[in-house]
Protein chains: 4
Amino acid sequence: MSQDDTQPPRRGRPPSKAARQKALMAAREILATQGFGRLSIEAVAARSGVGKPTIYRHWANAGELVMEALMSDLPGRAPASGGGLVEGLRGQLHLLVAAFATTRGRQVAMVLAASDPESEMTKAFRHRVILSSREHGRSLIEAAAQAGEIDRPQDIEIILDMIYAPLFYRLLVGHLPIGPDFAEGLAEHAGRLLGGNAAEGPRA
Amino acid sequence: MSQDDTQPPRRGRPPSKAARQKALMAAREILATQGFGRLSIEAVAARSGVGKPTIYRHWANAGELVMEALMSDLPGRAPASGGGLVEGLRGQLHLLVAAFATTRGRQVAMVLAASDPESEMTKAFRHRVILSSREHGRSLIEAAAQAGEIDRPQDIEIILDMIYAPLFYRLLVGHLPIGPDFAEGLAEHAGRLLGGNAAEGPRA
Amino acid sequence: MSQDDTQPPRRGRPPSKAARQKALMAAREILATQGFGRLSIEAVAARSGVGKPTIYRHWANAGELVMEALMSDLPGRAPASGGGLVEGLRGQLHLLVAAFATTRGRQVAMVLAASDPESEMTKAFRHRVILSSREHGRSLIEAAAQAGEIDRPQDIEIILDMIYAPLFYRLLVGHLPIGPDFAEGLAEHAGRLLGGNAAEGPRA
Amino acid sequence: MSQDDTQPPRRGRPPSKAARQKALMAAREILATQGFGRLSIEAVAARSGVGKPTIYRHWANAGELVMEALMSDLPGRAPASGGGLVEGLRGQLHLLVAAFATTRGRQVAMVLAASDPESEMTKAFRHRVILSSREHGRSLIEAAAQAGEIDRPQDIEIILDMIYAPLFYRLLVGHLPIGPDFAEGLAEHAGRLLGGNAAEGPRA
DNA sequence: CATTAATCGAGACGGTACGTCGGGTCTTTAC
DNA sequence: GTAAAGACCCGACGTACCGTCTCGATTAATG
């Protein structure tokens, strides 16, 4: 907001970064061992040794705390595989699948479904956790179009949804497993969707 | 299921269908006016006049009650449009989008995310609400293959996910609106995915 | 019961005396093993195999059932000891103390305190369980007066209370044990209260 | 008990005395207007505006709350009437009778009968409400013996029971009214029991 | 170095809802 | 036509967390 963020050195004890970290750590542990349903502010306070009011000073409710706890260890960008478009998508989808085909995957879906969709924290969570991969896909496609590898698609939003939605769909519905084959198939069909000449099968 | 469902007339007072219906009705009203977050067994009991223990006799928890309440008024099958494969998909997707592009859509996602994925009720809910449309799509595709309209696709599971996942993805993430254009685009891309000769878009 | 009970042959299933007895038996068992606090109509029904509505057909509430269950095995009249007034009282008080210095004693106090004091069953219980001994005492005193052993006391009601109240007082308050010494002391003081010439100590 | 009761200043928010008082006040009101049978924690919470968990933080169950509510407004010590022993007993018994010949009297009996006899609260209640008058009587008797007014009785426990039990007996059994005549008669007979020369009745 | 002020932990507060127990009534089938 | 079984509505139970609010204890920057 202000261009000069050198906050006027306020008097009194500054907020403790350690408390914040302890709460996040405890939240991650509870998520890992007991699940989202068992995570309560009370439990986080008890496990972390941080007082409840301190937790409420940092997060508005349990959902926001959980979101922040889940926003670490995200699948970093795929390492810019030199290959073509499908190659790039394949790499990213493998990373994504590996990152979400765990307990955390369902937790992400749960917290997303349970949170107030208008909250700032929820928006940030959606962008960082869900949509960032979609945006990465968009840039891969646009780069391929720029390079003449494919024609620029007209309905890119729907295509992006078709590529990235199935992962969360399987996560939520659980009708089929999520594994490397799944990422492979998605990448291949994405290629077919983006350009007929993409005659590059799943690794020959 | 069994051919002889004449259950042996059990002793004692039979469960009241009226109580069951009153509870479901109250649940639907609360969902419509206050949302899933405000729906509690207590509130359903108060609004319906049905006792709490009676509600617990019928459903194990609020999630199961909500699932059953949401399982009515589903988008019936598309009316067997005489046209080709894409025409059939288009009709179904329009119905689906119309059915879920409402408050109920997000509620379905929320209750699904929040429920015990192993519960029988959750499984029934997933099949009736989420997967039934997917299965309908499968039968459309297989009929088209049978008719020689398209080649039989190899990865039909992934294709089905790509067609039906985006609706729930947008529902959950909320990054883009859900409307007729969306159904249109999905049907068109589905056609492209299923057969090269699908030059039968809505645009010329 | 009687050999010539030619009841007008009423239609339908006759009321089962067995059900009544089974319920009373179950109530006694629960009183003995779990106490008055754990006795509920539900528990009696479960243990006895008698239906709840049947129990309610016989007793208005748990209190009345308990009262009837406790009204058996009461201390019979003392065997008319040939001796004087104090001798008679002593015999009766020993019987009383023996009958109430058990778990049942406290239960009698509890059910009496908890019951609706206006109910017919409560009145019957009070007369049979509490006041019958007091009335026996009255007749002993009046016989002694008749025989010239003592002067007829003026405040006989208060004297009767002073003789019979302490047992229930100790039962309720529990500040001192209830045993033979207690009966002995009561009888002796009762004699002193009733006539100065009653110079007959506790068995010389 | 400990001579240094400066309790170590505990951390955290201290219990609110106001909440405690509000709950006790509501309990007294319910006792007065609806009776012990209608008193539930829920009702106390609703009437007092105090939360249910707060009530449970202060008392283990309804019985203990009621006991504490009943422990106020006790019949203070009789004002040390200058007269002799019987005069002292008479004064105290009149106060006692006046204090218990009300609805509260039966409530005291009910709560005492219904409470766990081993609970600390029950013990305190018995001592403060029931036995304190008995102890006062003991000190009156011992003072009279010290002063040579009477011989020291041997069975003082039984005598004390005979003096103080009838009040609670009538309360519990309800066979006779409790009024000034009753107190009068008790005092007179107590005098007769304690010493032959107690020719100081209220009559002549 | 003492003061001061904000944050910390602890924990009680008024609440809401939970899931369960038992009360007393009513309905259905069996005897 | 009564008995059993058992579901009904209802009230209350005692507990878990919620999010807020005092408290005494800590801790840094200020004076």
Side-chain angles (χ1 to χ4, degrees), chain A residues 9-16 18-19 38-46 48-62, chain B residues 8-20 22 38-46 48-58 60-62, chain C residues 10-16 18-20 38-46 48-57 60-62, chain D residues 8-20 22 38-46 48-58 60-62:
Chain A
R10 291 173 305 147
R11 300 190 42 173
R13 178 177 180 171
S16 142
R38 291 289 180 195
L39 187 144
S40 64
I41 295 287
E42 204 115 288
V44 171
S48 66
V50 171
K52 269 204 296 175
T54 301
I55 296 177
Y56 280 106
R57 246 172 251 127
H58 288 281
W59 299 277
N61 49 56
Chain B
R10 290 173 305 141
R11 303 189 43 170
R13 178 175 178 170
S16 143
K17 284 166 191 165
R20 200 185 165 79
K22 280 195 287 184
R38 294 286 180 197
L39 187 145
S40 62
I41 296 286
E42 201 112 278
V44 171
S48 66
V50 170
K52 252 196 312 175
T54 298
I55 295 178
Y56 280 107
R57 245 175 252 124
H58 285 278
N61 49 55
Chain C
R10 289 177 303 152
R11 298 193 37 177
R13 180 172 177 171
S16 145
R20 192 185 171 81
R38 291 290 179 194
L39 187 145
S40 63
I41 296 287
E42 202 113 292
V44 171
S48 66
V50 171
K52 269 204 293 175
T54 301
I55 296 177
Y56 280 106
R57 236 171 263 127
N61 48 55
Chain D
R10 290 174 305 142
R11 309 202 26 183
R13 179 175 176 170
S16 144
K17 284 166 190 166
R20 202 185 165 80
K22 280 194 287 184
R38 295 286 180 198
L39 187 145
S40 64
I41 296 287
E42 201 113 281
V44 172
S48 67
V50 170
K52 246 193 322 170
T54 298
I55 295 178
Y56 281 107
R57 252 174 244 124
H58 286 276
N61 49 57

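In the text below, chain A, chain B and the rest are named by the order of the sequence lines, each starting its count at 1.
- For dG6(F), its base never sits under 3.5 Å from the side chain of Lys52(C) at any donor and acceptor pair.
- Comparing dG14(E), dC18(F), dC8(F) against the side chain of Ser16(B) picks out dC8(F) as the nearest.
- With hydrogens and angles left out, the side chain of Arg13(D) and the base of dC21(F) share a donor-acceptor pair within 3.5 Å.
- The phosphate of dC13(E) has OP1 or OP2 within less than 4.0 Å of a side-chain N or O from Arg57(D).
- Rounding to whole angstrom units, CD of residue Glu42(B) and P of dC18(E) are separated by 6 Å.
- Set against dC23(F), dC13(F), dC13(E), the side chain of Pro14(D) has dC23(F) as its closest nucleotide.
- Here the P atom of nucleotide dG22(E) and the CZ atom of Arg38(C) are 8 Å apart, to the nearest Å.
- Nucleotide dT15(F) holds its C1' atom 15 Å from the CG atom of Asn61(D), rounded to whole Å.
- Regarding contacts with the backbone of dG9(E), a side-chain N or O of Thr54(A) is found under 4.0 angstrom from either OP1 or OP2.
- In this structure, the nucleotide among dG23(E), dC13(F), dG19(E) sitting nearest to the side chain of Ile41(C) is dG23(E).
- Atom CG in Leu39(D) sits about 14 Å away from atom C1' in dC13(F), given to the nearest Å.
- Residues Arg20(B) and Ser16(B) form no side-chain contact, since every pair of their non-hydrogen atoms from C-beta on lies 4.5 Å or further apart.
- Here the closest heavy-atom approach between residue Ala45(C) and residue Gly51(C) is recorded as CB-C, 4.5 Å.
- The distance between atom CD1 of Ile55(D) and atom P of dT16(E), rounded to the nearest whole Å, is 14 Å.
- Ala43(D) comes within 4.0 angstrom of nothing in the nucleic acid, heavy atoms only.
- Taking only side-chain nitrogens and oxygens, His58(A) never comes nearer than 4.0 Å to OP1 or OP2 of dT7(E).
- You'll find the side chain of Val44(A) stays beyond 4.5 Å of the side chain of Val50(A), heavy atoms only.
- Out of dG11(E), dG19(F), dG24(E), the shortest distance to the side chain of Tyr56(C) is found at dG24(E).
- How far OH of Tyr56(D) is from CG of Asn61(D): 8.0 Å, rounded to the nearest 0.5 Å.
- In terms of position along DNA chain E, the nucleotide closest to Ala45(D) lies nearer the 5' end than the nucleotide closest to the other residue of the pair Pro53(B) and Ala45(D).
- Contact detail for Ala19(C) and Thr54(C): the closest heavy-atom pair is CB-CG2, 4.2 Å.
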